[in-house]
There are 4 protein chains.
Amino acid sequence: MADLTQTAAVAPRPGKRQRLVAAAVQLLHQQGVQRTTLADIAQVAEVPPGNVYYYFKTKDEVVAAAIDAHLQQIRGALADIDARFDSPRSRLKALVDLFTADSETVTQHGCPIGTLCSELDKRPAHEAFPVADLMHLPIAWAETQFRALGRADAHDLALQLMAAYEGSALLSNTLRDPTILTTAARRLTHWLTTF
Amino acid sequence: MADLTQTAAVAPRPGKRQRLVAAAVQLLHQQGVQRTTLADIAQVAEVPPGNVYYYFKTKDEVVAAAIDAHLQQIRGALADIDARFDSPRSRLKALVDLFTADSETVTQHGCPIGTLCSELDKRPAHEAFPVADLMHLPIAWAETQFRALGRADAHDLALQLMAAYEGSALLSNTLRDPTILTTAARRLTHWLTTF
Amino acid sequence: MADLTQTAAVAPRPGKRQRLVAAAVQLLHQQGVQRTTLADIAQVAEVPPGNVYYYFKTKDEVVAAAIDAHLQQIRGALADIDARFDSPRSRLKALVDLFTADSETVTQHGCPIGTLCSELDKRPAHEAFPVADLMHLPIAWAETQFRALGRADAHDLALQLMAAYEGSALLSNTLRDPTILTTAARRLTHWLTTF
Amino acid sequence: MADLTQTAAVAPRPGKRQRLVAAAVQLLHQQGVQRTTLADIAQVAEVPPGNVYYYFKTKDEVVAAAIDAHLQQIRGALADIDARFDSPRSRLKALVDLFTADSETVTQHGCPIGTLCSELDKRPAHEAFPVADLMHLPIAWAETQFRALGRADAHDLALQLMAAYEGSALLSNTLRDPTILTTAARRLTHWLTTF
DNA sequence: TATGAATGAGCGTTCATTCAT
DNA sequence: CATGAATGAACGCTCATTCAT
């Protein structure tokens, strides 16, 4: 049978840009935006330092690419939940389950999205990044689920859900206590079951 | 008669150190730690740049002083509540009221304490700051109040309260919507009334 | 029957090198040598960046080729004058006419040859380019004409003529005033008529 | 008698900025703007590299300062001529004498002002420098002298004078022949005597 | 022959920190 | 005590040049 992965053979770039974005996502989470140098990113991605600029014109473009990667990841995760669960309630519970999937990492470095938004919002307006979407996406999705459950206050409930997660993630991180996050998740799950 | 303001004449310009700390608190909140230079702080404090090092040996000491100032402010605010209110329930409500006292500022720059913890937790362990106290203090205080109300799950409730605030503050900031914070505060107040 | 266009099929895209040189001549004039990158030249020539090095080993070789193109152009122009005019006097006037043929371009970017010589003479001796010929060629030609007119000071007159042009071109460019160049040309023409 | 140079004693900066500007003027002349690095300038000025930025915010500011130094030097030289000579004719001759005062340097590196204008005019409009004044100043001054001599075409004569100098300087530099400049100066002097 | 990708040396710039007075 | 000046390490970025295919 013929090789179906023909492009892979010719591909001159074995995911180098992809590796750079992955490294950026990781380091931005672990060290923050300001403390992460392009040399750091290049090193983790195993790419020569100067080569970063073949793929990205500026550091800000790398950050933007990392934000975009987060967006894609969120979209994918929500689509996956949609595909795997039918009822709005089970979908919301699945989201809460995602919250605790990486509780150890979140405890060490905070919520990847929350800390990114927090840091980037410190920038002056003319250097701002479109991070609001990172929050808006899961909120809008949760709102849809609550609305499907007949809740008129769907928007508020969605905000409440995300705020509970982000707040717990921050406390877990600051106090270095993963149980804060898991306890909060358990409470949220119970809430979703009973209301 | 002798000069009664003798110290004023020789002593360092009154409140110079104090002004530096106040400027640091303000700028760390608005611009973040990494983006704020000592020159920025000196300028806002109206202190000559080189003079900062008379009061602080390193930038980290300035940050530590700002953290300490936050600690004092929190202690003061909680002591003030203790003095002004008798019942645990009214005290907790007073705390929630504090949450929204600066909702506009929080919407613009996030919770001063939350964003500080978030950013400083990105540091490697050997450069860490004792920011956990900033969170621990109000949590322990709230736990005391919940316990006084006879709640066995006082610790969890305190965490839940603070997480709700920090999460709402983050969402308000990221989505630039102060109503997220005020709505959350209203819900918390109602919760404290009815439970 | 054999393919009569054999070379066209295999040979490098026709005029690729030529396009590169033309682009170099243009950009070196407009932006100067140092400010013009090989990527700029490749882009204007519509040649892939990496491909430049198939035709030229270094950037300096591209510059050398541009200088050579100027040399050819000058030789061609002078030969053309020789062919079209008989008397030395009319030939010299024809040269002066050339001076103002592109007065707008000269006003915007200076004399292509003069500015090239000016910039390249800033180089250390071991990186020098043979730009003197660019000046020497028209001077020697003018000298021949003046000599044919019986002038013993032919060399000086030739230098005077070229200096008047180059100086006017520089002033036109710096002061953004094309009339400086055209006025100078008119005076030179009158001088050639009357002396 | 009291020390009249009291400020000199306290002066914390022994002409460091001045040395930097002088080094910039020298190197910009010898190597051109683009080829001169701030490290070069710092080294010639015997100033630590990083310290340049205490006096100038950007490299462009250093260039601007060098341009300004040229302006001052020109103003000073013209004022000096005005002070030393009475008649317009002798003043113009004095200017021509200045042209050849540094004929060796001009032969090696071109006219400091002419080459600066030539190189900086290659910049895009939004990065332009105010170099026109460098040319305008001596032209306006010469025009004044010619007008004082009763010449209606004073402006043209002034342009002609400066163009003759700048053109000769360029040719001297390109052909590495100082006699081109001195011969031109002699001719100009003669012209000023006889017309 | 042709080309997208890769590479590293070097430059401008920032800023925490130190020093001389 | 106070301060303008000084310092150097490090970062973002450019670009001529090379390489693998």
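Note that the structure is predicted; figures quoted are calculated from it, not measured. Just so it is clear: chains get the letters A, B, ... in the order the sequence lines come, proteins before strands, and each one is counted from 1.
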Using a 3.5 Å cut-off and no angle test, enumerate the donor-acceptor pairs between side-chain atoms of residues 20-33 of chain B and protein atoms at least two apart in sequence or in another chain.
residue	atom	partner	partner atom	Å
B:His29	NE2	B:Gly110	O	2.6
B:Gln31	OE1	B:Thr36	OG1	3.3

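Taking the side chain as every heavy atom from C-beta outward, C:Val62 and C:Leu38 approach each other to under 4.5 Å. Annotation: side chain of A:Thr115 is not in contact with side chain of B:Asp121 (no heavy-atom distance under 4.5 Å). When side chains are defined from C-beta on, A:Phe56 counts as touching A:Arg17, because their heavy atoms get closer than 4.5 Å.
DNA chain F is contacted by no residue of residues 123-131 of chain D, taking any non-hydrogen atom closer than 4.0 Å.
Listed by chain and residue number, nothing satisfies the ring pair (Phe, Tyr, Trp, His ring centres under 6.0 Å) test with B:His70 (two or more places apart in sequence, or in another chain).
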Give me, pair by pair, the N or O atoms of the protein and of nucleotides 15-17 of chain F that are less than 3.5 Å apart, along with how far apart they are.
residue	atom	partner	partner atom	Å
F:dA16	OP1	C:Lys59	NZ	3.3
F:dA16	OP2	C:Leu38	N	3.0
F:dT17	OP2	C:Tyr53	OH	3.3
F:dT17	OP2	C:Lys59	N	2.7

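At whole-Å resolution of the value, CD in B:Gln43 and C1' in E:dC15 are 14 Å apart.
Note on residues 31-52 of chain A: pairs passing salt bridge (charged side-chain N to carboxylate O under 4.0 Å, His left out), not counting sequence neighbours, are A:Arg35-B:Glu127. Each salt bridge (charged side-chain N to carboxylate O under 4.0 Å, His left out) pair with one or both residues in residues 53-71 of chain D, not counting sequence neighbours, appears once here: D:Asp60-D:Arg123. Applying the ring pair (Phe, Tyr, Trp, His ring centres under 6.0 Å) test to pairs two or more places apart or on separate chains, none has a residue in residues 114-133 of chain C.
Comparing atom distances between the C:Tyr54 side chain and each of E:dA2, F:dC1, F:dT7 picks out E:dA2 as nearest.
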Report task. Treat a base pair as Watson-Crick or G-U wobble with both distances under 3.5 Å, then lay out DNA chain F in dot-bracket form, 5' to 3', with | for cross-strand pairs. Result -> .||||||||||||||||||||

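Contact between the side-chain N/O atoms of B:Asn51 and the OP1/OP2 oxygens of F:dT3 is found at a separation under 4.0 Å.
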